[in-house]
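Read through the structure below, which is laid out as structure tokens, and then see the notes.
Treat the numbers as computed from the prediction; the structure is a model and nothing was measured.
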Amino acid sequence: MTDTTTTTPYATQDETDRETTDEPFEGVYPAMTTPFTDDNEVDHEQLAANARYLERAGVDGVVPVGSTGESATMTHDEHVDVIETVRDAVEDVPVIAGTGSNNTAEALSLSRRAADAGADGLLLISPYYNKPEPAGFLEHYRTIADEVDLPQIVYNVPSRTGQSIPVDVSVELAEHPNIRGYKAASGDLNLISEVIERTRDEAFSVLSGDDGLTLPVLSIGGTGTISVVANVEPERSCAMVGAALSGDYDRARALHHELSPLVRELFAETNPIPVKEAMHVRGRGGPLVRSPLSRLSAERREVLRELLAEYDDGAPGTVDPAAVEPATGDAE
């Protein structure tokens with residue numbers, strides 16, 4: 001793993017630096033988008049440029065080919081090629097590859113291929129559609145952890161999988177030496193708090209998987225975030241998480257509120273539709289998403305463009321959240 005000290009070009013060291021700890025995963029890990037060409041092929045040149053940009057911005061790692069990376073509409077070969085491109089592009093941060101599936105054999109195959117491609121760790125979404133019982137969850141994750149010797153993160157996102165991983169299962173999995181983290185995207189702080197409480201004696205990190213709840217999760221013992229908004233505002237994201245982890249909650253709260261309007265806009269339509277558009281506005285790839293997703297609606301494009309312009313005019317900690325509030329309200 002890399003040194004977890006976060007710095008940004010907009011903040012002093014005292015505001016963002018923190019001591020390196022023994023946590024397996026700590027800090028900001030952008031859930032990377034996968035840029036596509038007009039021919040619907042992976043744009044590897046832009047992908048590499050995005051990875052280098054994030055590393056320069058001070059992130060603690062990158063997470064390609066997850067949900068935000070549209071792995072569900074990529075072939076296995078494309079999946080592996082993306083991992084290789086990102087691994088080759090960055091120098092000093094770990095690459096945590098999404099390799100989950102609802103088919104244990106497929107997840108194991110992807111995990112092995114990701115390891116061969118140079119991944120430093122794995123992010124494994126829980127099996128979707130099948131609705132396994134607790135014993136099935138345990139067997140699924142242990143099968144991969146026993147066979148692939150990389151640090152692995154269990155990903156709980158019931159809004160996409162239809163089922164939440166039971167807390168007892170997560171706690172039992174934390175005992176496995178290769179299962180080192182938990183991406184919390186249930187939106188249930190009581191559940192997340194219990195996972196943190198019951199795994200405190202393990203070398204096990206709980207990372208927010210919901211940008212709007214990153215600060216609350218950090219406040220109850222979480223160690224970082226696998227973030228969508230960090231693709232667009234990595235410096236602000238690093239400043240917020242760095243402040244919280246160093247105990248400066250006044251600054252962390254200010255940055256949380258500063259980022260909140262953008263977070264809301266990035267989830268106004270299905271992820272990664274808005275974040276791909278935001279990356280396009282920032283000159284970091286085309287806005288295309290693969291079918292059955294569709295490009296961000298014209299109305300929201302204009303709102304997003306105006307919103308990003310407000311962030312462009314100020315450094316982290318200097319923008320009034322009221323000044324960046326989308327004028328047209330929510331589009332749920």
Quick one: do E172 and R142 satisfy salt bridge (Lys or Arg N to Asp or Glu O under 4.0 Å)? Show the steps, please. CA-CA 10 Å; E172 194 166 346; R142 285 172 173 164; 2.8 Å; yes
Before giving the answer on side-chain hydrogen bond (donor to acceptor under 3.5 Å, both in side chains), spell out for S101 and E106 the whole-Å C-alpha distance, their side-chain angles and the decisive distance to 0.1 Å. CA-CA 6 Å; S101 172; E106 181 177 70; 2.5 Å; yes
Steps toward side-chain contact (heavy atoms from CB on, under 4.5 Å) verdict (R295, I273): CA-CA 6 Å; R295 187 176 175 182; I273 292 170; 5.8 Å; no
Could you please spell out the steps behind the side-chain contact (heavy atoms from CB on, under 4.5 Å) verdict for D146 and Y141? CA-CA 9 Å; D146 286 345; Y141 281 110; over 6 Å; no
Are D60 and Y29 close enough, and set up right, to give a side-chain hydrogen bond (donor to acceptor under 3.5 Å, both in side chains), and what steps lead you there? CA-CA 6 Å; D60 298 278; Y29 297 77; over 6 Å; no
Where do T223 and V206 land on the side-chain contact (heavy atoms from CB on, under 4.5 Å) test, with the steps shown first? CA-CA 6 Å; T223 62; V206 175; 5.8 Å; no
Do Y182 and L207 pass the side-chain contact (heavy atoms from CB on, under 4.5 Å) test, and can you show the C-alpha distance, the side-chain angles, and the key distance before you say yes or no? CA-CA 6 Å; Y182 175 94; L207 302 159; over 6 Å; no
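L110 and M74 fall into different hydrophobic clusters, defined by Ile, Leu, Val, Met, Phe, Trp and Tyr side-chain heavy atoms under 4.5 Å apart, directly or through other members. V232 and V86 fall within the same hydrophobic cluster, defined by Ile, Leu, Val, Met, Phe, Trp and Tyr side-chain heavy atoms under 4.5 Å apart, directly or through other members. By the rule that hydrophobic residues join a cluster once side-chain heavy atoms approach within less than 4.5 Å of another member, F25 and I196 end up as members of separate clusters. V90 and V80 fall into different hydrophobic clusters, where Ile, Leu, Val, Met, Phe, Trp and Tyr side chains are chained together by heavy-atom contacts under 4.5 Å. Note: the hydrophobic cluster containing L108 does not contain L123 (ILVMFWY, side chain heavy atoms under 4.5 Å, direct or indirect links).
Looking at N178, its side chain does come within 3.5 Å of a backbone N or O of A145 through a donor-acceptor pair. With T143 contributing its side chain and E139 its backbone, the two residues share a donor-acceptor pair below 3.5 Å. A side-chain donor-acceptor contact under 3.5 Å links E55 to the backbone of E91. Counting only distance, with no hydrogens or angles, the side chain of Y155 and the backbone of A184 share no donor-acceptor pair below 3.5 Å. Put simply, the side chain of K276 gets close to the backbone of L288: a donor and an acceptor are under 3.5 Å apart. Using a distance-only test at 3.5 Å, with no hydrogens or angles considered, no donor-acceptor pair links the side chain of S193 to the main chain of N190. H256 places no side-chain N or O within 3.5 Å of a backbone atom of L215 that could act as its donor or acceptor partner. D211 places a side-chain N or O within 3.5 Å of a backbone atom of V229 that can act as its donor or acceptor partner. R300 places no side-chain N or O within donor-acceptor distance of the main-chain N or O of S297, the cut-off being under 3.5 Å. Formation of a donor-acceptor pair under 3.5 Å by the T199 side chain with backbone atoms of E202 is not found in this model.
Here the side chains of T270 and L293 are in contact, with some heavy-atom distance below 4.5 Å. Between S67 and I125, some side-chain heavy-atom pair lies under the 4.5 Å cut-off. The shortest distance between side-chain heavy atoms of E277 and P287 falls below 4.5 Å. Proximity of M279 to P35: side-chain heavy atoms (C-beta onward) are nowhere separated by under 4.5 Å. Put simply, the side chain of V171 does not reach to within 4.5 Å of the side chain of V195, judged on heavy atoms. A heavy-atom distance below 4.5 Å is not found between the side chains of R160 and Y128. Taking the side chain as every heavy atom from C-beta outward, V157 and K183 never approach each other to under 4.5 Å. When side chains are defined from C-beta on, V62 does not count as touching I96, because their heavy atoms never get closer than 4.5 Å.
When each of S164, S186, S126, S170 is tested with N156 by the rule side chain to side chain donor-acceptor pair (under 3.5 Å), just one qualifies, namely S164.
The nearest pair of heavy atoms linking S111 to T99 is OG-OG1, 2.9 Å. Closest of all the heavy-atom pairs between V28 and C238 is CG2-CA, 3.9 Å. In plain terms, the two heavy atoms of R87 and V93 that are nearest each other are NH2-O, 3.3 Å. Nearest heavy-atom pair, E258 versus Y311, reported as atom, atom and distance to 0.1 Å: O-OH, 2.7 Å. The heavy-atom pair separating L245 from G27 by the smallest distance is CD1-N, 4.3 Å. Here the closest non-hydrogen pair linking N231 and P234 is O-CD, 4.1 Å.
To the nearest 0.5 Å, atoms CG (D210) and CD1 (I226) are separated by 12.5 Å. We find the CE-CD distance between M32 and E70 to be 12.5 Å, quoted to the nearest 0.5 Å. Here I179 contributes atom CD1 and L150 contributes atom CG; the two are 12.5 Å apart, rounded to the nearest 0.5 Å. Atom NE2 of residue H44 and atom OG1 of residue T37 lie 9.5 Å apart, to the nearest 0.5 angstrom. Remark: R112 CZ to I144 CD1 distance equals 10.0 Å, nearest 0.5 Å. Once rounded to the nearest 0.5 Å, the distance linking CD of E299 with CD of E269 reads 9.0 Å.
There is no side-chain donor-acceptor pair under 3.5 Å between H176 and Q152. Side-chain contact check for N50 and Q46: at least one donor-acceptor pair (N or O, by modelled atom type) lies under 3.5 Å. S205 and E26 share no donor-acceptor pair across their side chains, judged by distance under 3.5 Å alone.
Listed by first then second residue, pairs satisfying salt bridge (charged side-chain N to carboxylate O under 4.0 Å, His left out) with a partner in residues 35-44 number zero, not counting sequence neighbours.
Judged by the 6.0 Å distance and 45° axis criteria, R180 is not positioned over the aromatic ring of F204.
Summarising the local packing, CZ of R290 is surrounded by more than 12 heavy atoms from other residues, nucleotides or ligands at distances under 6.0 Å. At most 12 non-hydrogen atoms from other residues, nucleotides or ligands lie less than 6.0 angstrom from CD of E45.
Under the salt bridge (charged side-chain N to carboxylate O under 4.0 Å, His left out) criterion, D77 pairs with R113, not counting sequence neighbours.
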